[in-house]
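The structure under discussion appears below in the form of structure tokens.
Only a predicted model underlies this, so the values are computations on that prediction, with no experimental measurement involved. Here is how names work: the chains are called A, B, and so on, in the same order as the sequence lines, proteins then strands, and each is numbered from 1.
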Amino acid sequence: MFNIRTKIKQLLQSDATGHEVTVMGWVRTFRNNQFIALNDGSTNNNLQIVVELGLLNDATLKRITTGASMKVKGVVVPSLGKGQKVELKAVSVEILGDSDAEKYPLQPKKHSLEFLREVAHLRFRTNTFGSVFRIRHSLAFAVHQFFNNKGFVYLHTPIITASDAEGAGEMFRVTTLPIDGTAPRNEDGSINFKEDFFGKSTNLTVSGQLEGELGAMAFSEIYTFGPTFRAENSNTARHLAEFWMIEPEMAFCDIEDNMNLAEEFIKYLIQYAMDNNREDLEFLAQRLAEEEKQLPQDKRSELGLIEKLEFVLNNSFERITYTEAIDILLNSPAYKKKKFQYDVKWGIDLQSEHERYLVEKHFKKPVIVTGYPAAIKAFYMRLNEDGKTVAAMDILAPGIGEIVGGSQREERLDMLLEKMKAMHIPAEEMSWYLDTRRFGTVPHAGFGLGFERMVQFVTGMGNIRDVIPFARTPKNCEF
RNA sequence: UCCCGAAUAGCUCAGUUGGUUAGAGCAUCUGACUGUUAAUCAGAGGGUCACUGGUUCAAGUCCAGUUUCGGGAGCCA
């Protein structure tokens, strides 16, 4: 029975009138006992339903409240009022689900993002989150389209892993053992994980990369796109305990190819949203512009959201080495005026303030930094000729910080073993990983792109909790 | 986790040097109006001032602790 439904987006796209349609959706507002603004989530634009006097009895009129769902059959007519080209003259109205106006939390007015986070189960019904999550969908779809077009194999790497050698952060333990202190013990008092479900200690994945490399060593190019878990006690606007990450891994590929792919990928995603989510981007751009009016002039962005995205599309990312980045920082007015809280010298890890200076002040566009000191990067990154830097690359985006982290991998077995020993990574447990270097090793590279950070960049949303449907952060696991 | 700030009606906020009955706009409810665009007009209801303890004749207001949220930092994507 529901296939007779016309989507509101489709209806509003056409100027055609005179025909009868059936629409279904949720009431945004009901004005004047006569005009219903109906929304079905296909677009932020509401369909105006005109209910003529006498069509409905008082009891039914009272049930048309904000949030109520309904099925409306009517005739599409040119609108007499301003604000919309066409409207629906109702022939019949059926309330599908009532919404108690006294209890429904959403009002036809502006709500704070903080408040809407507390009603995340209903915030999809707002314009802002409607736009954000339609764009999120588009970007996810574009991820698959991009890699599929290039012949990459989508590889599902495991969510539960026994590997704790990655060092990408604190992990969530996965166990079926009791937590009340009665778990089986070894003689030395430690927990006996041989009795656990998998017969060993297991965690939620912090990265699919190592498994991804195994795939690349057969399919040449793979990518993963799945949830990732970090048990870090991070309380910021750009960290989640559960987030989605895209990790391509390419055989026969060096750091240069890796950078090229990452830049092309990011631009592809932006272009896809520009082509397919124009209305939603325009809505968010306007929302941002209004928000910025509250700020003092020096805090406002130079570019609007759409201009920012166009600028990124039309300009190459700046590519510099870590050593060059350090030099720029050392020669910067900010450094000379001692504006940096953290000192700058070769060998340090770049701090947020340093990254922001490079991206937002110096280059004013996305920057790819390569050739980091080996000591501050992961064991699997390939050692450069100089013997002290590795073929790592981080892409830094304005307002977001690190959006991509990647590297060419160390494919030389002896070098890799040496590095693992130096970094106290148990080679025995990683034997399956090392096999790729033992049997037909090839130069290869890959990167990880934080999906939510990408959504943040495209939508302009300042807090990562507002670009994932249900955020998991320290002390918060609602819904 | 660290630094700073905040928590008052369903929402957004005001509340003076501590002072007796805690306010506004919007929302809600009732009525009016009926081509409205966050409709408008009139009226009404609505409060554990985050929580726990303390100081005081008296605490929304001062102090301590806790919780949560926001801004910044660290860890990172």
Give the rounded distance in Å between these two atoms: CZ of A:F340 and C1' of B:G74. 17 Å
So that I can compare with my own list, what are the stems of RNA chain B, taken as at least three consecutive Watson-Crick or G-U pairs with distances under 3.5 Å? B:1-7 with B:67-73, B:10-13 with B:23-26, B:28-32 with B:40-44, B:50-54 with B:62-66
Got a sec, which residues hit side-chain hydrogen bond (donor to acceptor under 3.5 Å, both in side chains) with A:Q13, two or more places apart in sequence or on another chain? none
Under 4.0 Å between any heavy atoms, over every strand shown, what does A:N235 touch: base, sugar-phosphate, or nothing? Just pick one. base
Enumerate the residue pairs fulfilling side chain to side chain donor-acceptor pair (under 3.5 Å) with a member in residues 101-115 of chain A, sequence neighbours excluded, ordered by first and then second residue. A:Y104-A:R125, A:K110-A:E290
Can a cation-pi geometry be assigned to A:K308 and A:F457, taking NZ or CZ under 6.0 Å from the six-membered ring centre and within 45° of the ring axis? yes
Apply the salt bridge (charged side-chain N to carboxylate O under 4.0 Å, His left out) test between A:R63 and each candidate in A:D58, A:D100, A:D98; give the one that qualifies. A:D98
Send over the distance from A:D58 CG to B:U30 C1', rounded to a whole Å. 14 Å
Over how many whole Å does the gap from A:Y342 atom OH to B:A73 atom P extend? 9 Å
Check side-chain hydrogen bond (donor to acceptor under 3.5 Å, both in side chains) between A:T60 and all other residues, then give those that pass, not counting sequence neighbours. A:N57
Using whole Å, what does the distance between atom P of nucleotide B:C76 and atom CD1 of A:I403 come to? 18 Å
Sub-4.0 Å heavy-atom contacts from residues 114-139 of chain A onto RNA chain B, ordered by number: A:E114, A:F115, A:R117
Any side-chain heavy-atom pair from A:V72 and A:I36 closer than 4.5 angstrom? no
Rounded to whole angstrom units, what separation is found between the CH2 atom of A:W244 and the P atom of B:A77? 18 Å
What is the nucleic acid contact for A:F447, judged by heavy atoms within less than 4.0 Å: base, sugar-phosphate only, or nothing? nothing
Using atom C1' of each nucleotide, how far apart are B:U52 and B:U68 to the nearest Å? 15 Å
Which nucleotide wins on minimum distance to the side chain of A:N463, given the candidates B:U68, B:A77, B:G71? B:G71
Is any side-chain N of the basic residue among A:D280 and A:R136 closer than 4.0 Å to the acidic one's carboxylate O? no
Without decimals, in angstroms, what is the distance between A:F229 CZ and B:A77 P? 16 Å
Given the options A:I64, A:T29, A:V27, A:L88, A:L38 meets side-chain contact (heavy atoms from CB on, under 4.5 Å) only with A:V27
Report, one line per pair, each donor and acceptor closer than 3.5 Å where one atom sits in a side chain of residues 344-353 of chain A; sequence neighbours left out.
unit_1 : atom_1 : unit_2 : atom_2 : d
A:W346 : NE1    : A:T323 : OG1    : 2.9
A:Q351 : NE2    : A:D349 : O      : 3.4
A:E353 : OE1    : A:Q341 : N      : 2.9
A:E353 : OE2    : A:Q341 : N      : 2.9
A:E353 : OE2    : A:Y342 : N      : 2.6

side-chain hydrogen bond (donor to acceptor under 3.5 Å, both in side chains) involving A:Q84 - partner list, sequence neighbours excluded: A:S79
Are the charged groups of A:E279 and A:K9 less than 4.0 angstrom apart, N to O? no
Under-4.0 Å side-chain N/O to phosphate OP1/OP2 contact, A:T236 with B:G74: no
Sort and list the pairs that fulfil side chain to side chain donor-acceptor pair (under 3.5 Å) and have at least one residue in residues 253-264 of chain A, not counting sequence neighbours. A:K150-A:E264, A:N260-A:R319, A:E263-A:K267, A:E263-A:R319
note: A:M393, atom CE; B:A77, atom P; distance rounded to Å ~ 12 Å
Among B:A77, B:A73, B:U1, the one nearest any side-chain atom of A:N233 is B:U1
Residues in side-chain hydrogen bond (donor to acceptor under 3.5 Å, both in side chains) with A:H444, at least two apart? A:E213
Base, sugar-phosphate, or nothing for A:S234, non-hydrogen atoms under 4.0 angstrom? base
Every protein N/O lying under 3.5 Å from an N/O of nucleotides 31-36 of chain B:
unit_1 : atom_1 : unit_2 : atom_2 : d
B:U34  : O2'    : A:Q34  : NE2    : 3.4
B:U34  : O2     : A:N32  : O      : 2.8
B:U34  : O2     : A:N32  : OD1    : 2.1
B:U34  : O2     : A:N32  : ND2    : 3.4
B:U34  : N3     : A:N32  : O      : 3.4
B:G35  : N1     : A:E87  : OE2    : 2.9
B:G35  : N2     : A:L80  : N      : 3.4
B:G35  : N2     : A:G81  : N      : 3.1
B:G35  : N2     : A:E87  : OE1    : 2.7
B:G35  : N2     : A:E87  : OE2    : 3.0
B:U36  : O4'    : A:N32  : ND2    : 3.3
B:U36  : O2     : A:R31  : NE     : 2.9
B:U36  : N3     : A:Q48  : OE1    : 3.0
B:U36  : N3     : A:Q48  : NE2    : 2.9
B:U36  : O4     : A:Q48  : NE2    : 2.5
B:U36  : O4     : A:Q84  : NE2    : 3.4

Look for any protein N or O under 3.5 Å of an N or O in nucleotides 44-52 of chain B and output each such pair with its distance, or none.
none

Checking all strands, does A:L106 fall into the base, sugar-phosphate, or nothing category for heavy-atom contacts under 4.0 angstrom? nothing
Rounded distance in Å between the C1' positions of B:G19 and B:A58: 7 Å
Measure centre to centre between the rings of A:H121 and A:F470, then say whether the value is under 6.0 Å. no
Enumerate the protein-to-nucleotides 26-29 of chain B contacts in which both atoms are nitrogen or oxygen and the separation is below 3.5 Å.
unit_1 : atom_1 : unit_2 : atom_2 : d
B:A27  : O4'    : A:Q107 : OE1    : 3.4

Near-ring test A:F146/A:F152, centroid separation under 6.0 angstrom: no
Given atom CG of A:N44 and atom C1' of B:A38, what is their separation to the nearest angstrom? 15 Å
Would you state whether a donor and an acceptor, one from the side chain of A:H239 and one from the base of B:C76, lie under 3.5 Å apart? yes
Answer yes if the ring centres of A:F225 and A:Y154 are under 6.0 angstrom apart, and no otherwise. no
State, with a plain yes or no, whether a side-chain heavy atom of A:E291 is found less than 4.5 Å away from one of A:L288. yes
Whether the side chain of A:R465 and the base of B:C69 hold a donor-acceptor pair under 3.5 Å is what I'd like checked. no
